[in-house]
Amino acid sequence: MSLLAQLPVIPIIVPLVAAPLAVLMPAEKMGGRIPYIWTTLIAWTVFAACVAIFYSVATVGPISYHLGDWAPPIGIEYRIDLANALVLTLVSGIGALVFPFSYESIRSEIDPRQINLFYAALLICMVGLLGVTITGDAFNVFVFLEISSLSTYALVAMGANKDRRALTAAFNYLVMGTIGATFFVIGLGLLYQATGTLNMADVKFQLAGDNNRMVEAGFAFIIVGMGLKAAMFPMHLWMPNAYAYAPSAVSAFIAATSTKVAVYVIIRFIYTVIGADFDFASAAFAWLIAPLAIAGMFFASIVAIFQSDVKRMLAYSSVGQIGYMLFGVSFGTEQGLAASLVHLFNHGLMKGALFMAAAAVMLRVGSHACSGYAGLAKRMPLTAAAFIIAGLSLIGVPLTVGFISKWQLLSAAFDSGRPWAGFLIVASSFLAVIYIGRVIELMVLKPAPENAPPIKEAPLSMLIPMMILVAANIYFGLNTELTVDLAERAAHALMGAGR
Amino acid sequence: MDLVAFLAERYNYWIFIVLMMMGLYIVIARGNLIKKLIGLNVFQTSVFIYYISIGKITGGTAPIYVAGDMERWAHGAGHDAGHGEGAAHGADALPGKDPLGAGALHADETLQGDFELAGNDLSTLTGEAHGAPDTQAVHAAPSDGVNDLLAAPPLKIEDHASAVADAAHKAAEVVYSNPLPHVLILTAIVVGIATTAVGLALVVRIREAYGTIEEDELEAIDNVAEFGETHAKGAAA
């Protein structure tokens, strides 16, 4: 048993052990830097492990890790193929950037006595999301999902130091999130009753194409439950408030990761657990997922246009972007699935960068209302530049990752004989031009308010992670080899015979 | 009448559905945050009941070791040596020892894995025998030997595969309820408690910040703060 053989469990075990230790660290000594540095180092360790896993999966093939050496389907299995290796890398990568990023922002936004608790909760949130992604056991998904959700509720509520509405936002998120998770458990129960197993691959094997109403009901419960967690339109109502009032660094982390992980779980259950060859799966694609995705793309984008708060606008935009991902899945083709996976990854990069820029503005200007962005291009040029590039990426301008996502989605739409879908994607992108363009106009063209106090650029500890993400937005827009090729291979593996 | 029987046979599911609907209704219809949380709890509890009821097998007992046969056969398969020693011990211990009391506890510890296999899926058992470690086997063996000698003389087992199949056959005679859903639901109960605790903590904070826990009043306060006096926004907390 070399350490390398234990690699898949490192992203889970290390933060799970490290987080309680962070709670024990002093919050007020050295300005709370001790838990900050500790958790940042852990996040980097996890990222390194995830990259190693990713490399191993991409070059050698899927990894199956048996927890406690109990062979599946009896034991819990961590099964990593390209699809979840991609999501793992995204989540841990965003974590590795958000942890160093968060310090200045968090210190100004939460009660300084809570800083150790904050970092512990953020670490637990990350480990939950990683666990959901890495596991090959259906019930394990629920457990990790709740680990991450519970800490997210606490993290969102910490925004109450700035704005008490964070409390009600967190409460609503808790109620909705718990209903979603409970629906998911009901679905799992039905699948378990139908198959007698909880191992994802084994469920599919036991079903063997057998269709009955219990499986259908289980599938429906799982899609609805995960749809709630993913903020799939029209189950997104918890999300704008939660993102808007959470501490800015938390918004950056959860906006870039948590809904993506829920979308990943939907994809995983459709393809690996249930199998898309069922009639009801294709019916769900055509009659449920596609219409809701389209409605989300348009409705949420239109609502985003009318927001006076940038973070809330970005949250609505996320609902729309989730629509794109599900729309790609609903084509039911390999290309559509690959496009969804690419967009899932790319959207994490864009939204992470946008929310980081919003956090920097929050730190210096003290507000995330649109009015605070007036004349920002002169006052905080680097932050404004980051916002603009990430915003262009969100719209889908060439040379950015957004373009790659849109291009993949469009070609998937045309190749699957849905030219109207391509038209809808382009049309809803114009809505993004409006809501992002509005903020860019404020930043570049409007003068700063007369009486505005002079402000500095964001501190380096925030600028560097932000710039790394922006650079990733451009890099993956130019070099599509990594994301697109891998997503295509992942989609191929998901579609083809399950594994 | 068939319909009535059909419905009555599935009464546990009806309880689950009714509770679930009640819980969801309370969450949606009640404005008081604590009542909402309780509704959420009822909703979750209904799912626990559902899981527990799917684990129940008609005529099955609790998944606790009740008879010696199964244990001996399962062990014999994996650990001939341990078994032989156990039988010897058993012979010593035969007169006047309580066969079920302490022994049952040991057996439960060592054999949980096997119970699960036998109860769930007999076909997967063959070739996947994962007996307890040797020391434990020896430890548990005395009681096992006692029961064996009471029931039947100990057998020499040569062929592992047939022994495992045999063990499965024997185990099938004692019907156990499926313990797996119960274990799952223990986890879910812990999650549910954590959720309720976080929720109640939030309610306390909301009450501190707003002075009320009624949803409509909270909304009114926020609206005043946002659209009434513009400077009130965010200053209150």
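Throughout, a chain's letter reflects where its sequence line sits, starting with A, and its residues are numbered from 1.
- Both the backbone and the side chain of B/V198 come within contact range of chain A, each with at least one heavy atom under 4.5 Å from a heavy atom of that chain.
- Of the two parts of B/E208, neither the backbone nor the side chain holds a non-hydrogen atom closer than 4.5 Å to a non-hydrogen atom of chain A.
- Using a 4.5 Å cut-off between heavy atoms, B/T187 contacts chain A through its side chain alone, with no backbone atom that close.
- When heavy atoms are compared at a cutoff of 4.5 Å, A/V185 approaches chain B by way of both its backbone and its side chain.
- Partner of A/T182 under the side chain to side chain contact (heavy atoms under 4.5 Å, CB included) criterion, out of B/V47, B/T45, B/L24: B/V47 alone.
- For a residue to count as touching a neighbouring chain, one of its non-hydrogen atoms must lie under 4.5 Å from one of that chain's; by this rule B/A201 does not touch chain A.
- B/A194 approaches A/L150 most closely through the heavy-atom pair CB-CD1, 3.6 Å.
- For B/L40, the part lying under 4.5 angstrom from a heavy atom of chain A is the side chain only.
- Options A/T197, A/L188, A/L190, A/L198 differ in how many heavy-atom pairs under 4.5 Å they form with chain B, and the most are formed by A/L190.
- Looking only at heavy-atom pairs under 4.5 Å with chain A, the residue among B/I221, B/L202, B/I185, B/V190 that has the most is B/L202.
- For the pair B/L37 and A/F171, the minimum side-chain heavy-atom distance is below 4.5 Å.
- Contact annotation for A/Y173: neither backbone nor side-chain heavy atoms come within less than 4.5 Å of a heavy atom of chain B.
- The environment of B/R207 atom CZ is sparse: at most 12 non-hydrogen atoms of other residues, nucleotides or ligands sit within 6.0 angstrom.
- With a 4.5 Å cut-off on non-hydrogen atoms, A/N140 does not touch chain B at all.
- With contacts defined as side-chain heavy-atom distances shorter than 4.5 Å, the pair B/E219/A/T168 does not qualify.
- Using a 4.5 Å cut-off between heavy atoms, B/F16 contacts chain A through its side chain alone, with no backbone atom that close.
- If you measure heavy-atom distances from B/I206 to chain A, the contacts under 4.5 Å come from both the backbone and the side chain.
- Minimum interatomic distance between B/R205 and A/A160 (heavy atoms only, all atoms of both residues): NH2-CB, 3.9 Å.
- Applying the salt bridge (charged side-chain N to carboxylate O under 4.0 Å, His left out) test to pairs two or more places apart or on separate chains, none has a residue in residues 175-193 of chain A.
- Using cut-offs of 30° and 60° on the angle between ring planes, the pair A/F183 and B/F43 is tilted.
- Residues B/Y50 and A/G189 share a closest heavy-atom pair of OH-C, 3.3 Å.
- Applying the 6.0 Å contact sphere to OH of B/Y13 captures more than 12 heavy atoms from other residues, nucleotides or ligands.
- Taken to the nearest 0.5 Å, the CD atom of B/Q44 stands 10.0 Å off from the CD1 atom of A/I186.
- Both the backbone and the side chain of B/L33 come within contact range of chain A, judged by heavy atoms closer than 4.5 Å.
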